[in-house]
Colleague: 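Below is the structure I would like to discuss, written out as structure tokens.
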Amino acid sequence: MANSGVHVLDHPLIQHKLTRLRDADTPPDVFRAVLAQIAGLMVFEISQDLPLCDVQVQTPLEITTSRRLGGPVTVVPILRAGIGMSDGITRLMPEARTGHIGLYRNEDTLQPVEYYCKLPDDIADGPVFLVDPMLATGGSAIAAIEALQQRGCSDVRFVCLVASPEGVVALTEACADVPVYTAAIDRQLNEVGYILPGLGDAGDRVFGTR
Ligand code: PRP
Ligand code: URA
């Protein structure tokens with residue numbers, strides 16, 4: 001089980017790349033590429049305690065005992081913007097499966113609305129990396145974690161890029177056993193639920209929809 005609590009990944013490369021994403025002039029193609037790169041860098045920290053098992057392997061010279069990942073790992077992006085992160089993670093961990101949870105925020109109430117859920121049947125058999133660039137009110141992350149826990153998942157790790165202080169409090173209170181990994185905790189939410197300074201609407205920036 002991963003360490004619970006909030007982990008701010010302040011590696012210089014992650015911070016350097018996050019600045020590109022914050023920049024309002026960064027176009028969607030660059031935004032997607034850099035988001036995937038950051039997610040790839042974050043995965044080293046998130047996965048450092050994954051269980052390994054011993055296997056026999058025939059090298060060109062002899063048989064030896066070596067190690068490989070001991071069980072299934074599932075990456076679950078929260079649609080839409082989470083896809084920009086899961087692509088970067090599965091590039092490095094091609095053996096991971098990908099499940100999808102579709103949620104959008106009702107713009108008036110800021111409550112999450114679920115519209116899609118497709119997960120591996122045996123998802124509870126291993127850790128789940130739940131990914132979404134933005135943790136704002138925390139409503140979407142909490143709803144997605146509840147959906148995973150209802151399916152028996154006991155090792156869920158939430159991975160985002162930018163969190164608000166309000167979202168961190170909401171998530172850690174509602175899901176105390178879920179570790180949160182983020183590249184930054186920003187100043188505050190504004191009156192319509194956007195993170196300040198943030199990077200804007202992550203889904204729109206990934207997919208060029210505004
Ligand atoms: C964004 C973001 C998170 C959510 C965070 O998605 O990608 O899923 O908002 O906000 P919360 O913490 O207040 O729930 P959005 O609802 O804009 O949907 P989209 O990705 O389809 O654009
Ligand atoms: N969702 C986003 O995409 N950005 C925010 O700042 C808040 C919620």
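Just so you know, ligand 1 is whichever comes first in the structure, and atom 1 is the first atom listed for that ligand. Each residue takes its place number in the sequence, starting with 1.
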Colleague: Looking at Asp10, Leu9, Ile38, which one forms a side chain to side chain contact (heavy atoms under 4.5 Å, CB included) with Gln15?
Modeller: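 Only one option passes, and that is Asp10.
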
Colleague: Please say whether more than 12 non-hydrogen atoms of neighbouring residues, nucleotides or ligands are located less than 6.0 Å from CD in Glu107.
Modeller: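 No, the 6.0 Å shell around CD holds no more than 12 heavy atoms from other groups.
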
Colleague: Do side-chain atoms of Glu166 reach the backbone of Leu189 as a donor and acceptor pair under 3.5 angstrom?
Modeller: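 A pair under 3.5 Å: yes.
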
Colleague: Does the structure place the NZ or CZ of Arg105 under 6.0 Å from the centre of the six-membered ring of Tyr194, at an angle of no more than 45° from the ring's axis?
Modeller: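 Ring-cation test returns yes.
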
Colleague: Under the salt bridge (Lys or Arg N to Asp or Glu O under 4.0 Å) test, which residues partner Arg22, sequence neighbours left out?
Modeller: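 Listed in chain order: Asp186.
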
Colleague: Tabulating one pair per line, provide the atom names and distances (0.1 Å) for every N/O atom of ligand 2 that is less than 3.5 Å from a protein N/O atom.
Modeller:
residue  : atom  : partner : partner atom : Å
ligand 2 : 3 (O) : Ala202  : N            : 2.8
ligand 2 : 4 (N) : Gly200  : O            : 2.8
ligand 2 : 6 (O) : Ile195  : N            : 2.9

Colleague: How is the hydrophobic cluster of Leu110 composed, in terms of its other members, when Ile, Leu, Val, Met, Phe, Trp and Tyr link through side-chain heavy atoms under 4.5 Å apart, directly or indirectly?
Modeller: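 None, because no other hydrophobic side chain comes under 4.5 Å of this residue.
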
Colleague: Identify the protein atoms, limited to N or O, that lie within less than 3.5 Å of an N or O atom of ligand 1, and list each pair with its distance to 0.1 Å.
Modeller:
residue  : atom   : partner : partner atom : Å
ligand 1 : 7 (O)  : Asp132  : OD1          : 2.9
ligand 1 : 8 (O)  : Asp132  : OD2          : 2.4
ligand 1 : 12 (O) : Ala136  : N            : 2.9
ligand 1 : 12 (O) : Thr137  : N            : 3.1
ligand 1 : 12 (O) : Gly138  : N            : 2.9
ligand 1 : 13 (O) : Arg105  : NH1          : 2.7
ligand 1 : 13 (O) : Thr137  : N            : 2.9
ligand 1 : 13 (O) : Thr137  : OG1          : 2.6
ligand 1 : 14 (O) : Ser140  : N            : 2.9
ligand 1 : 14 (O) : Ser140  : OG           : 2.6
ligand 1 : 16 (O) : Arg105  : N            : 2.8
ligand 1 : 20 (O) : Arg80   : N            : 3.0
ligand 1 : 21 (O) : Arg80   : NE           : 3.1
ligand 1 : 22 (O) : Arg80   : NE           : 3.3
ligand 1 : 22 (O) : Arg80   : NH2          : 2.9

Colleague: Can you see which heavy atom on Val128 is nearest to which on Cys153, and at what distance?
Modeller: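 Closest pair (atom of Val128, atom of Cys153, distance): CG2-SG, 3.9 Å.
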
Colleague: For the pair Arg97 and Asp121, evaluate salt bridge (Lys or Arg N to Asp or Glu O under 4.0 Å) and give the outcome as yes or no after the intermediate values.
Modeller: CA-CA 11 Å; Arg97 302 92 55 86; Asp121 289 340; over 6 Å; no

Colleague: Could you check whether any side-chain N or O of Ser86 sits under 3.5 Å from a backbone N or O of Pro77, counting only pairs where one atom can act as donor and the other as acceptor?
Modeller: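 Looks like no, no N/O pair under 3.5 Å.
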
